[in-house]
Amino acid sequence: MKLTSEKLPKNPFYTSLSHYAAKNQKLFQWRKEKTDHYSHASLVDKALHLLKERIRRGDTLAYFLRGQLYFEEGWYEEALEQFEEIKEKDHQATYQLGVMYYDGLGMTADEKGVEYMKKIIDSPCPKARHLQFAAAYNLGRAYYEGKGVKQSDEEAERLWLFAADNGNPKASVKAQSILGLYYSTKEPRELEKAFYWHSEACGNGNLESQGALGLMYFYGQGIRQDTEAALHCLREAAERGNVYAQGNLVEYYYKMKFFTKCVAFSKRIADYDEIHDIPMIAQVTDCLPEFISRGMAMASFYHARCLQLGLGITKDEATAKHYYSKACRLNPSLADELHTLRIHQRI
């Protein structure tokens, strides 16, 4: 399973370029009533020009903000150059360099990513404190994947527990969610621990864990089975954009013979573009691409089944084959499981 990096935590002083702009309206002139007069490109150009002027005047924060703007725009070579220039003076720049080197953004993936995350964790500087939980999550990811360090589930778990900080909402909520996933998939599984950590992450707003809690309630994993609580979690997660929760709701509607609802809901999910939409959804929801594709595969399969049998929709075997094929492309093992159930007439 491929994990994703923790985004840059909010700085307690300046959370982002837009926050800085809000505190310096005369500088940026980005007030709401004026934004309609500018395209995104022109706003970026204006920001870069104004940041350059602030740098000329000796504003040290502007160096990082310029690098962060490059990063957010996907101009990784420029961001790398800017962050490298200020890394000894700005911990946020060091953190972003760690993410870039580990994920290979703008360059080939490099062990420097691990070095930079360790530097953040070990720093005694108070200005690095807000970054340490996120850096620990990322370093735990490195140990889990065995990338840049020797693979160790035990070290990954230790670092994630530190990053999760007993469910502290100001710590790494992503670490809390990953611990839920880790304890539910490791051997032997520790489902009560998984339920605890998904509950903590969900309470702190994590969308992936909200969907996971729904399934744990549904199947009685780590908690007493509770269909009402399961559907509440799955529906809320689905409304917030959790595609895996959406796929599981499609399966529920099919098994409950709510075929018209199943068809309408499944088609929207099955028609996502598997190449372009999965990365976009992952970025917006912070859900793992693996589970997004799994949710799409479930929706595609059940939509195909309804088309094949004419359940809640006019029978159309040719279109059914298209959606069966899409389910196989998205998640071959899941599609194989569902096809086996179909052969044995269990769905």
Side-chain angles (χ1 to χ4, degrees), residues 4-108 110 112-113 115-117 119-120 123 125-135 138 170 172-174 205 276 279-286:
T4 54
S5 294
E6 178 81 279
K7 294 177 183 175
L8 180 74
K10 291 181 179 180
N11 186 302
F13 301 104
Y14 293 101
T15 59
S16 67
L17 181 60
S18 59
H19 182 91
Y20 186 64
K23 294 179 74 67
N24 296 272
Q25 288 191 7
K26 291 182 181 180
L27 167 62
F28 279 84
Q29 295 296 311
W30 277 9
R31 284 171 295 187
K32 189 173 181 180
E33 67 271 15
K34 293 193 176 185
T35 57
D36 291 340
H37 299 293
Y38 301 100
S39 67
H40 177 76
S42 65
L43 284 171
V44 171
D45 286 342
K46 186 175 179 64
L48 288 172
H49 173 76
L50 294 169
L51 285 170
K52 183 178 180 180
E53 178 61 22
R54 297 301 296 184
I55 288 170
R56 187 186 66 80
R57 295 179 185 177
D59 185 343
T60 55
L61 175 63
Y63 284 96
F64 171 76
L65 292 173
R66 183 166 67 176
Q68 186 65 9
L69 182 56
Y70 290 147
F71 181 85
E72 291 173 359
E73 290 297 312
W75 301 342
Y76 296 126
E77 290 184 7
E78 291 85 350
L80 182 68
E81 182 179 351
Q82 183 68 83
F83 291 145
E84 284 282 6
E85 183 180 339
I86 61 171
K87 65 184 179 183
E88 299 303 327
K89 299 178 181 177
D90 194 309
H91 295 287
Q92 294 188 124
T94 303
Y95 180 88
Q96 289 294 57
L97 282 171
V99 170
M100 294 182 72
Y101 277 111
Y102 190 86
D103 289 339
L105 301 177
M107 83 292 286
T108 304
D110 193 300
K112 284 183 181 178
E115 294 174 16
Y116 284 129
M117 291 303 165
K119 186 174 181 179
I120 292 292
S123 175
C125 179
K127 291 183 179 180
R129 196 168 296 147
H130 74 289
L131 300 166
Q132 288 174 332
F133 292 130
N138 287 332
K170 294 182 179 180
S172 172
V173 176
K174 197 162 188 172
H276 299 102
M280 181 272 293
I281 294 169
Q283 183 175 13
V284 172
T285 64
D286 209 20

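Atoms considered below: every heavy atom in the structure, side chains included; atoms not considered: hydrogens, waters and symmetry mates. A quick note: this is a predicted structure, and the numbers were derived from the prediction, not measured.
In this structure, CG in D90 is found 10.0 Å from CG in L97, a value given to the nearest 0.5 Å. Atom-to-atom distance recorded for S39:OG and D45:CG is 8.0 Å, nearest 0.5 angstrom. Atom OG in S123 sits 9.5 Å away from atom CZ in R129 (nearest 0.5 Å). A distance of 9.5 Å separates OG of S5 from CD of Q96, quoted to the nearest 0.5 Å. Remark: S172 OG to L131 CG distance equals 12.0 Å, nearest 0.5 Å.
If you look at F64 and F83, their ring centroids are closer than 6.0 Å. A centroid separation of less than 6.0 Å is found between the aromatic rings of F71 and Y76.
Using a 3.5 Å distance cut-off with no hydrogens or angles, the side chains of H40 and E73 do pair a donor with an acceptor. Side-chain contact annotation: K89 with Y63, donor-acceptor N/O pair under 3.5 Å absent. In the model, Y95 has a side-chain atom that pairs as donor or acceptor with a side-chain atom of N138 under 3.5 Å. Side chain to side chain, T4 and K174 meet the donor-acceptor criterion of an N or O pair below 3.5 Å. A donor and an acceptor atom, one from each side chain of E72 and Q68, are located under 3.5 Å apart.
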Exercise for the section: Start with the C-alpha gap between D110 and E115, add the side-chain angles, then the distance that decides, and say whether side-chain contact (heavy atoms from CB on, under 4.5 Å) holds. Expected result: CA-CA 10 Å; D110 193 300; E115 294 174 16; 5.8 Å; no
Exercise for the section: Begin from the C-alpha positions of I55 and D59 and carry the test side-chain contact (heavy atoms from CB on, under 4.5 Å) through to its verdict. Expected result: CA-CA 5 Å; I55 288 170; D59 185 343; 6.0 Å; no
Exercise for the section: Show your reasoning for whether side-chain hydrogen bond (donor to acceptor under 3.5 Å, both in side chains) applies to Y102 and K112. Expected result: CA-CA 7 Å; Y102 190 86; K112 284 183 181 178; over 6 Å; no
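Two residues are said to be in side-chain contact when any heavy atoms from C-beta on lie closer than 4.5 Å; V99 and Y116 fail this criterion. Using a 4.5 Å heavy-atom threshold, the side chains of L80 and W75 count as separate. Using a 4.5 Å cut-off on side-chain heavy atoms (C-beta onward), E85 and Q82 make contact.
More than 12 heavy atoms of other residues, nucleotides or ligands lie within 6.0 Å of CD in E53, so this atom counts as buried by the packing criterion. The number of heavy atoms from other shown groups lying within 6.0 Å of NZ (K7) is above 12. Annotation for E81: atom CD does not count as buried by contact number, only 12 or fewer foreign heavy atoms lying within 6.0 Å.
Using modelled atom types, one side-chain atom of T94 and one backbone atom of K87 make a donor-acceptor pair closer than 3.5 Å. At distances below 3.5 Å, not a single donor-acceptor pair connects side-chain atoms of E77 with backbone N or O atoms of M107. When atom types are taken as modelled, the side chain of D103 and the backbone of L105 share no donor-acceptor pair closer than 3.5 angstrom.
In summary, E88 and K119 engage in a salt bridge, as defined by a charged side-chain N under 4.0 Å from a carboxylate O.
Heavy-atom minimum distance, L51 versus L69: CD1-CD2, 4.4 Å.
Of the residues listed (Q92, H91, K170), the one engaging H130 in a side chain to side chain contact (heavy atoms under 4.5 Å, CB included) is Q92, and it is the only one.
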